[in-house]
Q: 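This is the structure, below, for whatever I ask next.
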Amino acid sequence: MEYDFREIEARWQKEWRERGTYKVDIDPSRPKFYVLDMFPYPSGAGLHVGHPLGYIASDIYSRYKRSCGYNVLHPMGYDAFGLPAEQYAIQTGQHPAVTTEHNIARYREQLDKIGFSYDWDREIRTCDPKYYKWTQWAFLKMFAHYYDRTLGKARPIEELEKHLSEHGTEGLDAACTTELHLTAAEWNSMDEAGREKVLQNYRLAYRADTMVNWCPKLGTVLANDEVRDGLSVRGGYPVEQKRMKQWLLRITAYAERLLKGLDSLEWSDSLKEIQRNWIGRSEGAQIFFDVEMPDGSVRKLEIFTTRPDTIFGVTFMVVAPEHEWLGDMTTADRRAEVTEYVENSKKRSERERIAETKRVSGAFTGSYAVNPFTGKRIPIYVSDYVLAGYGTGAIMAVPAHDSRDYAFARHFGLDIVPVVEGGDISQASYDAKQGRMINSGMLDGLDVKEAVVKMFAEVERRGIGKRLVNYRLRDAIFSRQRYWGEPFPIYYDGDIARPLDESELPLTLPPMDNFGPTEQGEPPLARVKGWRYELSTMPGFAGSSAYYLRYMDPHNDNALVSPEADRYWRNVDLYVGGIEHATGHLMYSRFWNMFLYDTGYVCESEPFLKLVNQGMIQGRSNFVYRVVGTNKFVSLGLKEGYETQEIHVDVNIVKNDILDLDAFRKWRPEFADAEFILENGQYVCGWAVEKMSKSMYNVVNPDLVVEQYGADTLRMYEMFLGPIEQSKPWDTNGIDGVHKFLKRFWRMFRDRNGEWALSEEKATPKELKTLHKTIRKVREDIENFSFNTSVAAFMICLNELGECHKREILEPLTVLLSPFAPHIAEELWHAMGHETSVCNARYPEFDESHLVENTFEYPVMVNGKLRFKQEYPLTMTPQQLQEDIVTRPEAQKWLEGAAPRKIVVVPGKIINIVK
RNA sequence: GCGGAUAUGGUGUAAUUGGUAGCCACGUCAGACUUAGGAUCUGAUGCCGAAAGGCGUGGGGGUUCGAGUCCCUUUAUCCGCACCA
């Protein structure tokens, strides 16, 4: 009987579903293991060939862990809210709920064909009210908490109110938008609106008027991670800066913990580095400079610097165009120029601003500050090279030691005073943090490191500032002016935002059929009659921030996750997904989880212990070459003789770069009467690695591969392709090799006539050695996530076994293979007489005793070059080996009579004779 | 500019972590069995060379008895951040 993968796979997929083979429950008698995939956004294009790569890897690992005795939680669901469905709805009028439902059905069908071991009873969808009830719930909890920096954790907002009523802001160290100074009396005399305004300054989910990334084309604001190079990540539309009232999450409160927590995680160094950079911690000082205001008063202008040592070199100051005091600091004679400058910089898009970073621009405000150390009056400028969002939006400029300040000073003819030896300030600034201090009074003669320390102390002693840590991380903008997302459980009482009560959740998304913004530019929810709640909805990352917790207890209506389920499943042991979520989802999820940890709803502070980033799958395009002006196509190797035009050809009608000529003629009408110039009777196509997209005709649908080769072949081939973390083009050129392997494995259970032919004969030591070598290698490789080499190990195993039909070998081998090729393994497992699923079989252990060697064939090198081999017992000591090897005639030959200078022996590895 | 990664045959890749570079496949070539094969099996296949042998892991240098692996330097490609004070 032939290996009929279509029949086998369909039958077992049905059986698994009917028997509930992959259903899991809490089982305190077994250790848990949680394997999670990043759930997909169900797009209209269907599952592409890159998705399964990570899913297959995690499925192999899940099945392996399960076979090792773990109770494995391995769920799947859909990240179903989001922009594309809504954009599609605006274009076609189809309701996002309908298209999403349809796309999910398609995804499920595709996933099922690959034979994953998901427990589908735990499926979740972020757009399901039963699910997003808990997204809204978490938002309300964040709204009702603030962050106590002294305790380093979130606390109920009532405790803040109590503190304010008793002590004002005295002794309060809480994460906030701006530092407030209030007395208890002031707080107590405030009305509700006033108090709420104060509380919004502290709440972890808060509403504020801030500069946001506004994308006019999408009609919504975007978070920083959703913008790249001044364009929206989704769609690639221009993004501008705009001041708007928005909901935000105070993720910055957790900056330090998000940074520190990375150390305990088993993530790749590059991913940790991306998160570290995104958080962007820098140590420095906050220093106040006295400013002589045009109205005669003196104000203290706060700046942040990482180079307090260079303060003697400060010759001017710069504030951002958005700086609060800019208007007050501008003198009458300068007002026109400053106003024009601010207007111009506002008009420039983010993109232009990035493109013009080298161009120096700015304007003098007319005001002066005083350098607290030199006592000199220094001018204050405005320039957009200073960012409103970082630090205080104002800097002390040290042109001699900062290249941007240097360019600015050169442009405006300002003083440049060197304070660190080592550079030539007539040419460029000297930015390096090393050298001896000069022109710096009490710091003279110190080196930079010592000067920094001394200056911190001096600044604090004089009471003009203090040490401060600054972060690049910004609070996450949490509202989107869109329809297809979670509604905020918030209504307004005048300007006061009021939360719904928990018992009123979920606040369901009202049905509607027009998803564009209103004529007044309000979000689509403004069209809904009687909608008295917040008009914007939550962003995509809201629903994905705690989904891994919901899988633990997906049907619970009383809690996000019950304490029992939380304490059993704890957190994700292995998370597999793309690196593109480094600064988005993976950041928000950690924050969200830390908050739930602080508030006691979950028992682990980090959600994802080990994380593996599968590489992206690129497209591998194929080309044909049309002779210009004809309908003749010339094969790749012969095209040099012709003037040709390169045309993309559908990769699905090309195999191993050989074009299927008939399929090509049928592909498009204009090629129906195409002629070919062949080489060796074949048409060879050119190829290139490009982005996988419809327009390049290089999209490969996993369904087609399954149809042609079977799911087991697809699974093994995707693993065989190369290391899982590596990005690579999708290329089916080698898939035959893997398919052949499975056919060979199948035939080992059959005789020449295709009849069942398993033998009970004892295995030879050689066969046992091959088996146990393979077991050891495969186990090791799975643990290391090195699946490409484990597939190779299986192939080597069959090569070594040759013709072998022994149960003693094939039975453990079947179990060993089952995580990779579950269908064929299940079929053979049952054929061997087992009743229960192969995934419940104990994973084979290797037995060292079969692997022991008595002798070793030493490669003998002379001066590092292999000259001959010599077999010795492994029990021989290096001393004995050294003495014996020189007596060998081969050694004598290479030594040419001379005595060796030295002999290096590495037992079990090598003998090297130095002449 | 800063940070991270990668570079090995015609192709995808492997290398016990400093010990015979190229495992396992694809492709190619030769052969066997076949009415036939896009089936199956066997063998060869880094480069130069008739052979002996030599040369080979992006380039250059170093450490070592011995380097794909460690150090220095340089080039190319990819990714992240970027006027972050």
Side-chain angles (χ1 to χ4, degrees), chain A residues 2 228-229 268-278 280-282 284 303-307 310 318 320 353-354 356-360 383-387 389-398 401-405 407-408 431 470-474 579-580 582-583 615-616 620 655-658 660 687 717 720-723 725-729 731-738 740-741 743-744 747 777 780 786 788-799 857-869 900-906 908-915:
Chain A
E2 269 299 293
R228 191 157 300 161
D229 299 330
S268 72
D269 290 339
S270 59
L271 179 56
K272 286 188 190 181
E273 207 51 40
I274 291 173
Q275 288 214 342
R276 285 194 192 104
N277 289 342
W278 188 259
R281 181 183 202 273
S282 57
I303 59 97
F304 173 76
T305 179
T306 55
R307 295 294 302 274
T310 60
V318 187
R353 211 169 138 146
I354 289 166
E356 293 172 9
T357 51
K358 290 284 175 286
R359 219 183 67 194
V360 178
S383 173
D384 61 10
Y385 87 86
V386 173
L387 303 177
Y390 184 77
T392 60
I395 62 152
M396 62 176 218
V398 187
H401 303 289
D402 182 289
S403 53
R404 298 153 302 177
D405 297 346
F408 195 84
D431 295 15
N470 228 317
Y471 300 92
R472 203 193 68 96
L473 185 70
R474 302 291 140 83
I579 195 146
E580 66 271 20
T583 55
M616 309 228 191
R620 188 180 187 281
K655 201 184 164 200
N656 292 355
D657 291 335
I658 307 296
D660 181 334
W687 61 274
Y717 182 62
F720 186 65
L721 220 45
E725 298 91 346
Q726 199 170 298
S727 284
K728 54 217 152 200
D731 174 1
T732 40
N733 278 355
I735 199 165
D736 284 330
V738 171
K740 220 185 301 186
F741 161 80
K743 280 201 271 192
R744 274 175 75 186
R747 276 203 306 272
K777 176 76 178 149
E780 227 173 71
S786 173
N788 54 328
T789 51
S790 43
V791 174
F794 280 117
M795 292 179 178
I796 295 168
C797 180
L798 288 212
N799 287 347
E857 198 180 32
Y858 279 91
V860 182
M861 330 274 290
V862 177
N863 282 353
K865 287 215 164 73
L866 176 72
R867 293 307 179 187
F868 62 97
K869 290 184 178 182
R901 257 203 310 140
K902 188 175 172 187
I903 301 175
V904 181
V905 175
V906 185
K909 291 208 165 159
I910 207 150
I911 298 172
N912 193 4
I913 303 170
V914 187
K915 220 164 118 179

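Values in this document were obtained by computation on a predicted structure and should not be read as measured data.
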Q: Measuring from atom CD1 of Ile274(A) to atom OG of Ser268(A), what distance do you get when rounded to the nearest 0.5 angstrom?
A: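 One finds 7.5 Å between CD1 of Ile274(A) and OG of Ser268(A).
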Q: I'd like to know if the side chain of Lys728(A) reaches the main chain of Pro723(A), judged simply by a donor and an acceptor atom lying under 3.5 Å from each other, with no hydrogens or angles considered.
A: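 Checked: pair present.
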Q: Which part of the nucleic acid, if any, lies within reach of Ile274(A) when heavy atoms closer than 4.0 Å are counted: base, sugar-phosphate only, or nothing?
A: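 The residue Ile274(A) makes sugar-phosphate contact but no base contact.
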Q: Reckon Arg276(A) has a side-chain N or O less than 4.0 Å from the OP1 or OP2 of G80(B)?
A: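 The answer is no; no side-chain N or O of Arg276(A) sits under 4.0 Å from OP1 or OP2.
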Q: When rounded to the nearest Å, what value does the distance between C1' atoms of G68(B) and G22(B) take?
A: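 G68(B) and G22(B) have their C1' atoms separated by 11 Å.
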Q: Can you check the Asp402(A) CG to G1(B) C1' distance for me, whole Å?
A: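 It is 12 Å, rounded to the nearest whole Å.
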Q: Given side chains that start at C-beta, do those of Ile395(A) and Tyr390(A) come closer than 4.5 Å, heavy atoms only?
A: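 Sidechains of Tyr390(A) and Ile395(A): no contact.
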Q: Specify the separation, in whole Å, of atom CG of Asn277(A) and atom P of A5(B).
A: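 Distance, rounded to whole Å: 12 Å.
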Q: Determine: side-chain N/O of Ser282(A) to OP1/OP2 of A85(B), distance under 4.0 Å, yes or no.
A: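 For A85(B), OP1 or OP2 has a side-chain N or O of Ser282(A) closer than 4.0 Å.
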Q: Hey, is G9(B) sitting syn or anti, using the within-90° cutoff around 0?
A: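 Syn, since the glycosidic angle lies within 90° of 0.
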Q: When all nucleic acid strands are considered with a 4.0 Å heavy-atom cut-off, which category describes Arg744(A): base, sugar-phosphate, or nothing?
A: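 Contact class for Arg744(A): sugar-phosphate only.
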Q: For the residue pair Val860(A) and Leu866(A), establish whether any side-chain heavy-atom pair is separated by less than 4.5 Å.
A: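 They are not in side-chain contact.
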Q: Return the value, rounded to whole Å, for the distance between atom CD1 of Ile913(A) and atom P of G66(B).
A: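 Going from CD1 in Ile913(A) over to P in G66(B) covers 15 Å.
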Q: In plain terms, say whether Glu273(A) and Arg276(A) are close enough for a salt bridge, that is, a side-chain N and a carboxylate O under 4.0 Å apart.
A: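 Here Glu273(A) pairs with Arg276(A) in a salt bridge, since their nearest N and O are under 4.0 Å apart.
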Q: Here's a test of your reading of the structure: between Val914(A) and Ser727(A), which maps to the more 5' nucleotide of RNA chain B?
A: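 Going by which nucleotide is closer to the 5' end, it is Ser727(A).
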Q: Remember a base hit wins even if backbone is also touched, and classify Asn470(A) as base, sugar-phosphate or nothing at under 4.0 Å, heavy atoms.
A: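 Counting heavy atoms under 4.0 Å across all strands, no contact is made by Asn470(A).
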Q: Sticking with atom P, work out how far U64(B) lies from A15(B), rounded to a whole angstrom.
A: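 The same atom, P, in both gives a distance of 29 Å.
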Q: Working to the nearest 0.5 Å, report the span between CG of Asn788(A) and CD of Gln726(A).
A: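 Reported to 0.5 Å precision, the distance equals 8.5 Å.
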Q: When you check the glycosidic angle of U28(B), does it come out syn, meaning within 90° of 0, or anti?
A: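 It is anti.
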Q: Nearest whole Å is fine: how far is A85(B) P from Phe408(A) CZ?
A: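 So the CZ-P distance, Phe408(A) to A85(B), works out to 18 Å.
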Q: Would you say C41(B) has OP1 or OP2 under 4.0 Å from some side-chain N or O of Arg747(A)?
A: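 Checking Arg747(A) against C41(B): at least one side-chain N or O falls below 4.0 Å of OP1 or OP2.
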Q: Which whole number of Å gives the distance between the P atom of A85(B) and that of C71(B)?
A: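 My reading of the P atoms in A85(B) and C71(B) gives 29 Å.
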Q: Side-chain N or O of Lys869(A) less than 4.0 angstrom from OP1 or OP2 on U20(B)?
A: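 No, no such contact exists.
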Q: Nearest whole Å is fine: how far is A5(B) C1' from Glu273(A) CD?
A: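 Nearest whole value for this atom pair: 12 Å.
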Q: Over how many whole Å does the gap from Lys909(A) atom NZ to A67(B) atom C1' extend?
A: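 The answer, rounded to whole Å, is 14 Å.
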Q: Separation of Arg867(A) atom CZ from C65(B) atom P, in whole Å?
A: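 Rounded to the whole Å, the gap is 18 Å.
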Q: Could you tell me whether the phosphate oxygens of G66(B), OP1 or OP2, come under 4.0 Å of any side-chain nitrogen or oxygen in Asn863(A)?
A: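 No.
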